[in-house]
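Letters go in sequence order (proteins before strands), and every chain restarts at 1. Everything quoted here is computed from the prediction, not taken from an experiment.
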Amino acid sequence: TAGITQAPTSQILAAGRSMTLRCTQDMRHNAMYWYRQDLGLGLRLIHYSNTAGTTGKGEVPDGYSVSRANTDDFPLTLASAVPSQTSVYFCASRRGGAQDNEQFFGPGTRLTVL
Amino acid sequence: GQQLNQSPQSMFIQEGEDVSMNCTSSSIFNTWLWYKQDPGEGPVLLIALYKAGELTSNGRLTAQFGITRKDSFLNISASIPSDVGIYFCAGQFNVGDYKLSFGAGTTVTVRA
């Protein structure tokens, strides 16, 4: 079982360009999440989706958009990248249900915006 | 998000030592989770705590959900080299809202 896959593994992007970070899970989990990880700040939630067809804003949503057309995929788009979006991005999923807060994380995408 | 204060920020371990780290919050949490992140990988869940006062072990790891619901600690007993990594606490604040707030992490390194 692959679990959660993310692509690309890493990317260098020129400021002002757009980019989509891909996330796919094969566990049929209902909820999915995008985080960014920055040194000294831990993981901060960007956007989330509790079920296919719904999305919500997290702690740091500005400059990012998401869609959830189906259960398995949850792409994150940067419409016009800025250097402050340089970070490591993690996608996560959660099965769902009460007392089921375990989130499973992908391997991450390291993005550098120049 | 809810503010979680995790300490220490970093620590050095010697093989065989017991180590401890903790998280505190100004708000009450309904769930506490502890994750470990190895270099170049995503975080992996170590222990999940769902009730105030709960003490749970996973091998050499022990974690407790504080009685006040505003803190949690993680202990690692008899540490080994593969314990190095970044440990994160995470808390769920709102019932029915399964978003997690993460601490800034504790970086564990082997003492030379």
Side-chain angles (χ1 to χ4, degrees), chain A residues 2-10 21 23-25 27 29-51 54-61 66 87-110, chain B residues 1-10 21-25 27 29-52 54 56 58 63 65 69 72 85-107:
Chain A
I4 297 182
T5 57
Q6 292 184 237
T9 301
S10 64
L21 279 60
C23 175
T24 300
Q25 53 108 354
M27 298 176 284
H29 284 177
N30 289 319
M32 296 186 75
Y33 308 83
W34 273 106
Y35 294 89
R36 58 177 290 170
Q37 182 178 21
D38 303 289
L39 193 64
L41 296 176
L43 293 152
R44 293 182 292 168
L45 183 65
I46 304 171
H47 285 287
Y48 67 97
S49 168
N50 286 330
T51 61
T54 69
T55 62
K57 294 181 179 180
E59 183 183 355
V60 288
V66 292
S87 187
V88 182
Y89 291 85
F90 288 99
C91 180
S93 71
R94 182 181 63 85
R95 181 170 51 235
Q99 291 212 345
D100 184 6
N101 280 338
E102 179 175 359
Q103 292 186 18
F104 296 83
F105 285 82
T109 293
R110 182 174 296 275
Chain B
Q2 300 302 313
Q3 189 84 14
L4 288 184
N5 297 308
Q6 186 171 349
S7 65
Q9 187 175 18
S10 63
M21 59 197 78
N22 68 83
C23 264
T24 60
S25 170
S27 303
F29 279 88
N30 295 299
T31 301
W32 283 97
L33 304 170
W34 285 93
Y35 282 85
K36 183 192 177 202
Q37 183 181 28
D38 291 324
E41 298 183 11
V44 174
L45 183 70
L46 299 174
I47 292 178
L49 303 159
Y50 294 102
K51 290 192 291 191
E54 181 180 354
T56 297
N58 177 8
F65 191 144
R69 295 168 64 190
S72 177
I86 305 176
Y87 292 79
F88 292 101
C89 63
Q92 179 211 353
F93 176 63
N94 292 315
V95 175
D97 174 352
Y98 296 101
K99 298 196 293 286
L100 296 177
S101 294
F102 282 81
T106 295
T107 300

Which bit of Gln6(B) comes within less than 4.5 Å of chain A, counting heavy atoms only: side chain, backbone, both or neither?
neither
Shortest non-hydrogen contact between Leu4(B) and Phe102(B), atoms and distance
CD1-C, 3.9 Å
Specify which of Arg110(A), Arg44(A), Glu102(A) makes the most heavy-atom pairs with chain B at under 4.5 Å.
Glu102(A)
Distance-only, no hydrogens or angles: does the [X] side chain make a donor-acceptor pair with backbone N or O of [Y] under 3.5 Å?
| X | Y | value |
| --- | --- | --- |
| Asp38(B) | Gly85(B) | no |
| Ser7(B) | Gln9(B) | no |
| Ser10(B) | Thr107(B) | no |

Chain B heavy atoms under 4.5 Å from Gln6(A): which part of the residue, side chain, backbone, both or neither?
neither
So for Leu45(A), is it side chain, backbone, both, or neither that comes closer than 4.5 Å to the heavy atoms of chain B?
side chain
